[in-house]
Amino acid sequence: MRVSTFAELLEEARRVGPKTVAVAAAHEKEVLQAAHAAEKAGIADCILVGAAAQIEELARCAGADLSRMEVIDEPDVKRAAARVMSLVREGRAHVAMKGRIETGDFLRAALDRENGLRTGRLLSHVGVFEIPGFDRLLFVTDAGVVVAPDLVQKVEIVQNAIQVAQRLGISQPKVAILAATEMVNPKIPTTLDAAYLSKMADRGQIRGGIVDGPLALDNAISHESSTIKGISSPVAGQADILVAPDVEAGNMLAKAITYFAKGSMAGVVVGAQSPLIVASRSDPHETKLMSIALGVVMASPPQS
């Protein structure tokens, strides 16, 4: 079944959960509220790694019940991240989540050659958005990890996003490679990358989705725009996945959706041994809760 709303995402997480989520530097109010809500919803059991005294005080102030959660006292945030990765490697946790720690430090722990969660795949971020008035969930990548991807990295970014969309029930997601224009222009390198990716998908070098580009944002999601411009494409006007040319464009697009379009977001980093949740410290606990739900679903094998 295709997951089309966040209510359905939460229900899918309940169906396949609960999974154990280990949180690094968990001494952060919104994270604790999300962890409490995830346990109450029956989608996750949480292990909190961080400054125990702060965790308990923040939980008390936030009204978050920690009685069923394991708390591991580790005030040093980098060591807390390393401990979380160990919990995943040991099989005690299925999802790793960052709390009050810089994303770079959290990901460095995940990528540590000896103690991290490397698989040989590229790590990339996939944001999932529920937008008022939009008829489906929209996926945006990469808005948070790969700063300036080259063509080879873009192939992996697209493949990672297809994996997430498929796990949410979209058997063959439509992928739009975004650029400033739908015309291939040698003076705009991103349009060349988009054309290469489209042809690579045609040749089977990218699997599982229908890929087209370059497409501008309007003709990627608007039938009216694509019709006016005379674009003949199986993706134009109906894209499920929007692939940004770099992290700056992806990040601005993601924040424009949440701040201007009042969309709600969940996000996950894929490519490691487990899903990684790297929600911003400014994100509300609802975003963190839906990111936990997404992580729980991604940590579960598809069921027929």
### Message
For residues I241 and L178: do they belong to one hydrophobic cluster (side chain heavy atoms under 4.5 Å, members Ile, Leu, Val, Met, Phe, Trp, Tyr)?
### Response
no
### Query
Residues in salt bridge (Lys or Arg N to Asp or Glu O under 4.0 Å) with D283, at least two apart?
none
#### Entry: Least distance between heavy atoms, V31 atom then A26 atom
CG1-O, 4.5 Å
### Query
Do any N or O atoms from the side chain of D142 and from the backbone of S124 form a donor-acceptor pair under 3.5 angstrom?
no
### Task
Hey, could you give me the CD/NZ distance between Q205 and K199, rounded to the nearest 0.5 Å?
10.5 Å
### Side-chain (N219) to main-chain (S225) donor-acceptor, under 3.5 angstrom
no
### Task
With sequence neighbours left out, write down each residue that passes side-chain contact (heavy atoms from CB on, under 4.5 Å) with S86, or none if nothing qualifies.
R89, E90
### Task
State, with a plain yes or no, whether a side-chain heavy atom of L58 is found less than 4.5 Å away from one of R100.
no
### Task
Is it possible for you to say whether V126 and M290 belong to one hydrophobic cluster, with membership spreading through side-chain heavy-atom contacts below 4.5 Å?
yes
### Message
So, taking the atom named CG in L138 and the one named CD1 in I131, what distance separates them when rounded to the nearest 0.5 Å?
### Response
5.0 Å
### Query
Restricting to pairs with a member in residues 28-41, which pass salt bridge (charged side-chain N to carboxylate O under 4.0 Å, His left out), not counting sequence neighbours?
E39-R68
#### Entry: L276 side chain reached by L117 side chain, heavy atoms, under 4.5 Å
yes
### Query
Which pairs, with at least one residue in residues 228-239 and sequence neighbours excluded, count as a salt bridge (charged side-chain N to carboxylate O under 4.0 Å, His left out)?
E182-K229, D218-K229
### Task
Write down the atom of G263, the atom of P132, and the distance for their closest heavy-atom approach.
CA-CD, 4.0 Å
#### Entry: Non-hydrogen atoms of A109 and A82 that approach each other most closely
CB-N, 4.2 Å
### Query
Going by heavy atoms in the side chains, are L197 and L151 under 4.5 Å from each other?
yes
#### Entry: Greater than 12 external heavy atoms within 6.0 Å of E102's CD
no
### Query
To the nearest 0.5 Å, what is the distance between CZ (R79) and CD (E74)?
4.5 Å
### Query
Does the side chain of S274 come within less than 4.5 Å of M85's, by heavy atoms?
no
### Query
Could you walk me through whether L217 and L253 pass the side-chain contact (heavy atoms from CB on, under 4.5 Å) check?
CA-CA 10 Å; L217 177 60; L253 175 58; 4.1 Å; yes
### Message
Is there a side-chain contact between L32 and L48 in this structure, where contact means two heavy atoms from C-beta onward sitting under 4.5 Å apart?
### Response
yes
### Task
Identify whether L9 and F129 are in the same connected component of the hydrophobic contact network (ILVMFWY, side-chain heavy atoms under 4.5 Å).
no
### Check: K288 side chain, S280 main-chain N or O, donor-acceptor pair, under 3.5 Å
yes
### Within-4.5 Å side-chain heavy-atom neighbours: I162 and I206
yes
### Query
salt bridge (Lys or Arg N to Asp or Glu O under 4.0 Å) with E11: which residues, sequence neighbours excluded?
R14
### Query
By side chain to side chain donor-acceptor pair (under 3.5 Å), which residues pair with S198, not counting sequence neighbours?
D212
### Query
Do Q159 side-chain atoms and R207 backbone N/O form a donor-acceptor pair below 3.5 Å?
yes
### Message
Can you tell me how far apart CD1 (I101) and CZ (R108) are? Round to the nearest 0.5 Å.
### Response
9.0 Å
### Query
Is it true that a side-chain atom of H94 and a backbone atom of A299 form a donor plus acceptor pair closer than 3.5 Å?
no
### Message
Quick one, M265 with I257, criterion side-chain contact (heavy atoms from CB on, under 4.5 Å). Give me CA distance, side-chain angles, the key distance, then yes/no.
### Response
CA-CA 9 Å; M265 177 186 175; I257 291 172; over 6 Å; no
### Message
Between S291 and G267 (side chain of the first, backbone of the second, donor and acceptor by atom type, cut-off under 3.5 Å), is there such a pair?
### Response
yes
### Message
For a 4.5 angstrom cut-off between non-hydrogen side-chain atoms, does V243 reach K154?
### Response
no
### Partner set under salt bridge (Lys or Arg N to Asp or Glu O under 4.0 Å) for E70, not counting sequence neighbours
R92
#### Entry: Among V184, I177, T190, the one residue meeting side-chain contact (heavy atoms from CB on, under 4.5 Å) with P214
V184
### Task
Hey, could you give me each pair passing side chain to side chain donor-acceptor pair (under 3.5 Å) that has a residue in residues 255-267? Not counting sequence neighbours.
N251-K255
### Q33 side chain to H285 backbone, donor-acceptor under 3.5 Å
no
### Query
Does M183 reach the side chain of T191, with side-chain heavy atoms less than 4.5 Å apart?
no
### Message
Applying a strict under-4.5 Å side-chain criterion to I, L, V, M, F, W and Y, I'd like to know whether L111 and V88 cluster together.
### Response
yes
### Task
Answer yes if V140 and L122 sit in the same cluster of Ile, Leu, Val, Met, Phe, Trp and Tyr residues linked by side chain heavy atoms under 4.5 Å apart, and no otherwise.
no
### Query
So which heavy atom on A180 is nearest to which on A216, and how close?
O-CB, 4.1 Å
### Summary
For residues 114-126, the salt bridge (charged side-chain N to carboxylate O under 4.0 Å, His left out) pairs (sequence neighbours left out) are none
### Message
Distance check, rounded to the nearest 0.5 Å: M97 atom CE versus I47 atom CD1?
### Response
14.0 Å
### Query
Mind checking what makes side-chain contact (heavy atoms from CB on, under 4.5 Å) contact with A24, not counting sequence neighbours?
A81, V84, F106
### Summary
For D76, the side chain to side chain donor-acceptor pair (under 3.5 Å) test, sequence neighbours excluded, returns none
#### Entry: Of all pairs that satisfy salt bridge (charged side-chain N to carboxylate O under 4.0 Å, His left out), the ones with a partner from residues 232-243, not counting sequence neighbours
R2-D240, R136-D240
### Query
For the side chain of N160 and the backbone of G271, is there at least one donor-acceptor N/O pair under 3.5 Å apart?
no
### Task
Hey, could you give me the OG1/NZ distance between T103 and K98, rounded to the nearest 0.5 Å?
3.5 Å
#### Entry: Audit row: V296, V16, side-chain contact (heavy atoms from CB on, under 4.5 Å) steps and yes/no
CA-CA 8 Å; V296 166; V16 300; 4.1 Å; yes
### Query
When you measure from the side chain of H125 to the backbone N and O of V145, does any donor-acceptor pair fall under 3.5 Å?
no
### Task
Show your reasoning for whether side-chain contact (heavy atoms from CB on, under 4.5 Å) applies to V128 and V268.
CA-CA 9 Å; V128 184; V268 65; over 6 Å; no
### Query
Closest heavy-atom contact between L87 and A22?
CD1-CB, 4.0 Å
